[in-house]
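Numbered from 1 within each chain, the chains take letters A, B, ... in sequence-line order. Heavy atoms only: backbone and side chains are in, while hydrogens, waters and symmetry mates are out.
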Number of protein chains: 2
Amino acid sequence: MKKTTIHDIARELDVTFSTVARALNDHPAISAATKAAVLETAKRLNYQQNKLASSLRSGKSHVIGIIVPSLDTSFFSSVVHGMEKVLNENGYSVLLYQTGESIKQEQKGLGTFLQSRVDGIISSVSSESDGFEFYSEIRKRQVPLLFFDRAIKELEIPSVTINDYKAGFEATEHLIKQGYTRIAHITSEKNLTIFNERFRGYREALEKYGLPFQENMVFKGTVGLELGQESVRRLQAEHLPFDAIFAAEDYTAMGALQQLLESGVQVPLQVGVIGFANEAFGAFVTPSLSTVDQQTIKMGEETARLFLKLTANKDYYGSTPEHIVLDPFVVARKSSQPQRQG
Amino acid sequence: MKKTTIHDIARELDVTFSTVARALNDHPAISAATKAAVLETAKRLNYQQNKLASSLRSGKSHVIGIIVPSLDTSFFSSVVHGMEKVLNENGYSVLLYQTGESIKQEQKGLGTFLQSRVDGIISSVSSESDGFEFYSEIRKRQVPLLFFDRAIKELEIPSVTINDYKAGFEATEHLIKQGYTRIAHITSEKNLTIFNERFRGYREALEKYGLPFQENMVFKGTVGLELGQESVRRLQAEHLPFDAIFAAEDYTAMGALQQLLESGVQVPLQVGVIGFANEAFGAFVTPSLSTVDQQTIKMGEETARLFLKLTANKDYYGSTPEHIVLDPFVVARKSSQPQRQG
DNA sequence: CTGAAAGCGCTAACAC
DNA sequence: GTGTTAGCGCTTTCAG
């Protein structure tokens, strides 16, 4: 069964294919009668426009490429959820690419997007130390590019991020206001701005409230359950006095919480814990885990909307790039509020 | 900056563009020397093949469309994660479409995929009562189609699902073997095979062990925390004797668990609870939540691999459709094991 | 081993 | 209001 084209419709109606094309695109200079006839025939013949041909000719694909480290993370899948929804509502399709935090994959993905002639690229970079040239290449080709969550500051590219500094500051401040004074921090060993900024917020909050910052109260590694557990074990083994933990990621906080409870430490009475990301489990564990919400779906929607807004004017790279910074907020639950526990 | 094409490369090297095309595609009948020259020039001119043109001409887009209800669900995002990974490794790009469980969206997505001339469609249907014709349309057009998790049995389409019947049976059997005898079931009101099958497993397990099935021990609604809470409240209000709950979804189980604990019921001592899906939070709550694992990533990978295998032979719809049924397994944690709690 | 030529299905400028 | 024409950038026979 051969696919039907505008030529088939034209033949049926004894008009030229360009008339059909116009009718299908609701061109003003086509009589209502022909339009109706064309539409009817198109439906009857099960016509489906060939977007490849249309895109090739017009230079617009109505596809936008999204690059994320991994969908197996509630943060990114949630953001992509928000983006796809908004983009879809506005007539765009989404090409998806996961990098697995690998620069190689990231470059491959960008290459594929370029070849597919996407109308734009929305990306959360894998690492910020490397891979500059590839993104500047995108820019040179005038393909609209937008960063979300993780941006490359050195490039003049619009972005939607959250204020990780503020988030780190407020998480730490929250602990301090609850009466905790010896606060450890657990973060990623990767050189990512998001983690660096949370860390900076932590330090400055300590400073603001006159608490000493100690290098040996900071633990770095691959974020996750194990890192949290191990960090607590090290704190205990080294007999470092501490009464609170701010982990830059929820699973890490959970690992710390588990290790604390296992070793008989009372949370939040003896030690307070706060995490980061507002993963679903935090509300359900005992004691419930305080955390910082990143407004993932909103971030996805905002990102998509900014993209749509920017691509609406002609030259995407004409004006200074717009940066939207979302405000995260502390979700105070039991793990960090001793007085709420009685 | 005009995009460079094979004509540009051809001009530079004083050969015809078809020679360039062949060299780029590593055609056997091209001398090593020309190939090298072409490759070098291509790199120098920052050439990126135009896939739109290539796909239009060749009839293969190397894009496959994936339809899911929503990415804001750990189940689907995890499955998509697995699929994208495998497809990507095999040279395919992924077009993503979320339906939000709406048939309209689903049809729109399928339409877009058809227009984009995807090389195949992998879908988890929104609802099984409706929307048949659209999928048979895909089939009529000979576009490879594969269902995962939620399939339409009436259509002769390959699929990858899990054995929900067995899952429901084993979850219930697990509770029975732990000594529970009055087991309530909470499930979706939607007419989806996955839920119907879990329900059937529940009933047959009761029967096998000689326990009575009671209609009033089954609660239906929109799965989620609230449904779980409300179901327990109704059980208590109506003074129905019960000592265990099998919820067909983890958040629902969590809601039930919360309501039980809140009303002073001891879990698992007085009432046992088991959920479904192995969401991340289950391992962390107190008592930890027993559940059924669906092997999401494996499902994604298996789905992608089956697709690749099936598209490898010429006529996708030539032979009887292959159905892969994955075996789920019970993850027994504390919420369903009274003797483990002392 | 390379060239010539046709055409995938559409858009859009130019006619009348 | 509709027809004519020229491509978009590539793949793919058919020649030689």
Side-chain angles (χ1 to χ4, degrees), chain A residues 1-39 41-42 45-63 91 111-112 114-119 141, chain B residues 1-39 41-42 45-63 91 111-112 114-119 141:
Chain A
M1 165 177 156
K2 203 72 196 54
K3 270 156 203 148
T4 107
T5 74
I6 47 176
H7 292 92
D8 300 322
I9 301 178
R11 205 175 314 117
E12 288 267 321
L13 296 172
D14 239 343
V15 291
T16 43
F17 70 96
S18 43
T19 301
V20 174
R22 288 197 189 93
L24 254 16
N25 291 323
D26 205 24
H27 190 105
I30 294 286
S31 74
T34 0
K35 272 183 193 167
V38 167
L39 253 40
T41 320
L45 300 183
N46 275 318
Y47 172 74
Q48 289 280 14
Q49 188 198 44
N50 186 328
K51 285 202 172 184
L52 295 172
S54 148
S55 303
L56 174 60
R57 185 55 235 251
S58 71
K60 304 193 75 343
S61 64
H62 295 280
V63 170
T112 307
L114 248 25
Q115 299 186 159
S116 302
R117 298 297 190 262
V118 296
D119 284 351
R141 285 169 188 265
Chain B
M1 164 177 156
K2 204 70 194 53
K3 270 156 204 147
T4 107
T5 74
I6 47 176
H7 292 93
D8 301 321
I9 300 177
R11 204 174 315 116
E12 289 268 319
L13 295 173
D14 241 345
V15 291
T16 41
F17 68 95
S18 41
T19 301
V20 174
R22 288 196 189 94
L24 255 16
N25 292 322
D26 204 25
H27 190 106
I30 294 286
S31 73
T34 346
K35 271 182 192 167
V38 168
L39 252 40
T41 321
L45 301 184
N46 274 319
Y47 172 75
Q48 290 279 15
Q49 187 198 45
N50 186 328
K51 285 202 173 184
L52 296 172
S54 142
S55 303
L56 174 61
R57 184 56 235 253
S58 71
K60 304 194 75 341
S61 64
H62 295 282
V63 170
T112 306
L114 249 24
Q115 299 185 159
S116 302
R117 299 296 190 265
V118 296
D119 285 351
R141 286 170 186 266

K.L.:
Could you check how far CG of B:L114 sits from P of C:dG9, rounded to whole Å?
P.N.:
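From B:L114 CG to C:dG9 P: 14 Å.
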
K.L.:
When you compare the side chain of A:L52 with that of A:L56, does any pair of heavy atoms fall below 4.5 Å?
P.N.:
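Heavy-atom side-chain distance check fails, nothing below 4.5 Å.
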
K.L.:
Take the protein atom CG of A:L13 and the nucleotide atom P of D:dG1, then report the distance between them rounded to whole Å.
P.N.:
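Checked: the CG to P distance equals 18 Å.
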
K.L.:
Using the rule side chain to side chain contact (heavy atoms under 4.5 Å, CB included), only one of A:V20, A:V15, A:N25, A:T19 pairs with A:I30; which is it?
P.N.:
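So the option named by the test is A:T19.
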
K.L.:
Looking only at side-chain N and O atoms, does A:T19 come under 4.0 Å of OP1 or OP2 in D:dG1?
P.N.:
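No, outside the criterion.
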
K.L.:
With no hydrogens and no angle check, is any side-chain donor or acceptor of B:S116 less than 3.5 Å from a backbone partner on B:V118?
P.N.:
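No.
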
K.L.:
Using only atom types and a distance under 3.5 Å, with no angle test, would you say the side chain of B:K3 pairs donor to acceptor with the backbone of A:R141?
P.N.:
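Pair absent, no side-chain N/O of B:K3 close to backbone of A:R141.
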
K.L.:
When you measure from the side chain of B:S61 to the backbone of B:R117, do you find a donor-acceptor pair of N or O atoms at a distance under 3.5 Å?
P.N.:
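Side chain of B:S61 to backbone of B:R117: a pair is present.
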
K.L.:
Distance check needed: C:dT2 P versus B:D26 CG, whole Å only.
P.N.:
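Nearest whole value for this atom pair: 13 Å.
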
K.L.:
Which pairs with one or both residues in residues 47-56 of chain A pass side chain to side chain donor-acceptor pair (under 3.5 Å), sequence neighbours excluded?
P.N.:
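Every pair satisfying side chain to side chain donor-acceptor pair (under 3.5 Å) with a residue in residues 47-56 of chain A: there are none.
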
K.L.:
From NZ of B:K35 over to C1' of C:dC1, roughly how many Å is that when rounded to an integer?
P.N.:
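One finds 11 Å between C1' of C:dC1 and NZ of B:K35, rounded.
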
K.L.:
What string of B, S and - do you get for nucleotides 9-16 of chain D 5' to 3' if you count protein non-hydrogen atoms under 4.0 Å?
P.N.:
BBBBBB--

